Every structure is written in structure tokens, then in C-alpha cells.
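Just so it is clear, the structure is predicted and the values come from calculations on it, not from any experiment.
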Amino acid sequence: QVQLTESGGGLVQAGDSLRLSCTVSGRTSNSAAMAWFRQAPGKEREFVAAFRVNGGRTYYTDSVKGRFSISRNGAQNSVHLQMNSLKPEDSAAYYCAVGNGVILSAVRSKQAYSYWGQGTHVTVSD
């Protein structure tokens with residue numbers, strides 16, 4: 001059983017940075033993808049960034065490209081989301097997710113991920 005534990009959320013001002021972390025316990029496959037999604041109040045959960053374990057390729061939604069960076073620490077089996085130049089529209093609950101055997105075409109789809117963390121809140125004020 002895979003369990004995910006997020007940390008690092010908080011209240012910051014626009015332009016500030018935050019680093020989210022997700023510790024993964026349990027076995028993940030070499031074809032796994034590790035991702036961050038976010039959900040603002042009253043909105044659907046949306047893809048933010050993903051990291052494919054096999055090959056190390058990263059993927060981002062357009063609104064965070066150049067500002068956010070996803071990375072993985074293989075030794076600690078953790079995944080991180082460095083968020084720079086934060087904007088009020090980045091405010092949301094951020095969820096870590098892991099999926100085994102995620103194909104390339106599904107890496108941005110929440111349905112491809114079987115394991116989810118409890119979420120960590122990010123609030124960006126003007």
C-alpha cells in the first residue's frame with residue numbers, strides 16, 4: 001500500500017516562494033508518475049506538474065511553467081514542488097499523487113493516479 005504525506009503549505013504574499021514536499025511510503029514501480037494537483041474552492045481538481053520516474057521527464061500546466069519546478073529525491077522517495085513568483089490565483093489545496101504504469105498520454109489526468117495525499121493548503125495574498 002502506498003501512502004503519501006504532504007507538507008510545506010502556508011500563507012504567503014504575491015511574489016513569494018514555497019516548497020511543497022511529499023513523502024511516499026510503499027513500493028512504486030519504475031513506470032510510476034508522481035504529480036501535484038491543486039483544487040481551489042468551488043473548482044475542479046487540476047493538474048499542476050508531474051515527474052515520470054522512468055526517464056525523469058517533467059510536465060507542467062501552462063500557467064505554472066517557468067515558475068514551478070517538480071523534482072524527485074529517489075533516495076528518500078519523495079517528490080517536491082518548488083513554487084516561485086506565486087500569484088493569488090495559485091491559492092488552492094495542493095495534492096500529491098502517485099500512479100503506477102502511467103502512460104504518457106495520461107500523465108496530466110487525475111484518473112491515472114491511484115494514490116493521493118491529504119492535501120496541503122497554499123494561500124497567496126495580494
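Using modelled atom types, one side-chain atom of Arg52 and one backbone atom of Val102 make a donor-acceptor pair closer than 3.5 Å. Using a distance-only test at 3.5 Å, with no hydrogens or angles considered, no donor-acceptor pair links the side chain of Ser21 to the main chain of Ser7. Between the side chain of Glu6 and the main chain of Gln118, a donor-acceptor pair closer than 3.5 Å is present. Side-chain atoms of Ser91 come within 3.5 Å of backbone N or O of Val124 as a donor-acceptor pair.
In this structure, the side chains of Thr61 and Glu46 stay at 4.5 Å or more apart for every pair of heavy atoms. Val24 has its side chain out of reach of Gln76: every pair of non-hydrogen atoms, C-beta onward, lies at least 4.5 Å apart. Looking at Cys96 and Val79, their side chains come closer than 4.5 Å, going by heavy atoms from C-beta outward.
Identified under the salt bridge (Lys or Arg N to Asp or Glu O under 4.0 Å) test for residues 88-98, with sequence neighbours left out: Arg38-Asp90, Arg67-Asp90. Sorted by first and then second residue, the pairs that involve residues 46-90 and meet ring pair (Phe, Tyr, Trp, His ring centres under 6.0 Å), not counting sequence neighbours, are Phe37-Phe47.
With rounding to the nearest 0.5 angstrom, the OG atom of Ser109 is 9.5 Å from the CD1 atom of Ile103. Once rounded to the nearest 0.5 Å, the distance linking CG of Asp16 with CG of Leu11 reads 9.5 Å. How far CG of Asn84 is from CZ of Arg19: 10.5 Å, rounded to the nearest 0.5 Å. With rounding to the nearest 0.5 angstrom, the NZ atom of Lys65 is 9.5 Å from the OG1 atom of Thr58.
Just one of Val53, Ile70, Leu4 meets the side-chain contact (heavy atoms from CB on, under 4.5 Å) condition when paired with Met34; it is Val53.
The shortest heavy-atom contact between Ala50 and Tyr113 is CB-OH, 3.8 Å. Taking every heavy atom of both residues into account, Leu18 and Leu86 meet most closely at N-CD1, 3.9 Å. Shown here for Trp116 and Lys110, the closest heavy-atom pair between the two residues is CZ2-O, 3.5 Å. Minimum interatomic distance between Asp126 and Pro88 (heavy atoms only, all atoms of both residues): OD1-CG, 2.8 Å.
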>> Determine whether Val122 and Leu20 satisfy the following criterion, side chain to side chain contact (heavy atoms under 4.5 Å, CB included), listing intermediate values before the conclusion.
In response: CA-CA 9 Å; Val122 173; Leu20 305 183; 4.1 Å; yes

> Please walk me through it: do Met83 and Tyr94 pass side chain to side chain contact (heavy atoms under 4.5 Å, CB included)?
Replying inline: CA-CA 12 Å; Met83 305 186 295; Tyr94 282 71; 3.9 Å; yes

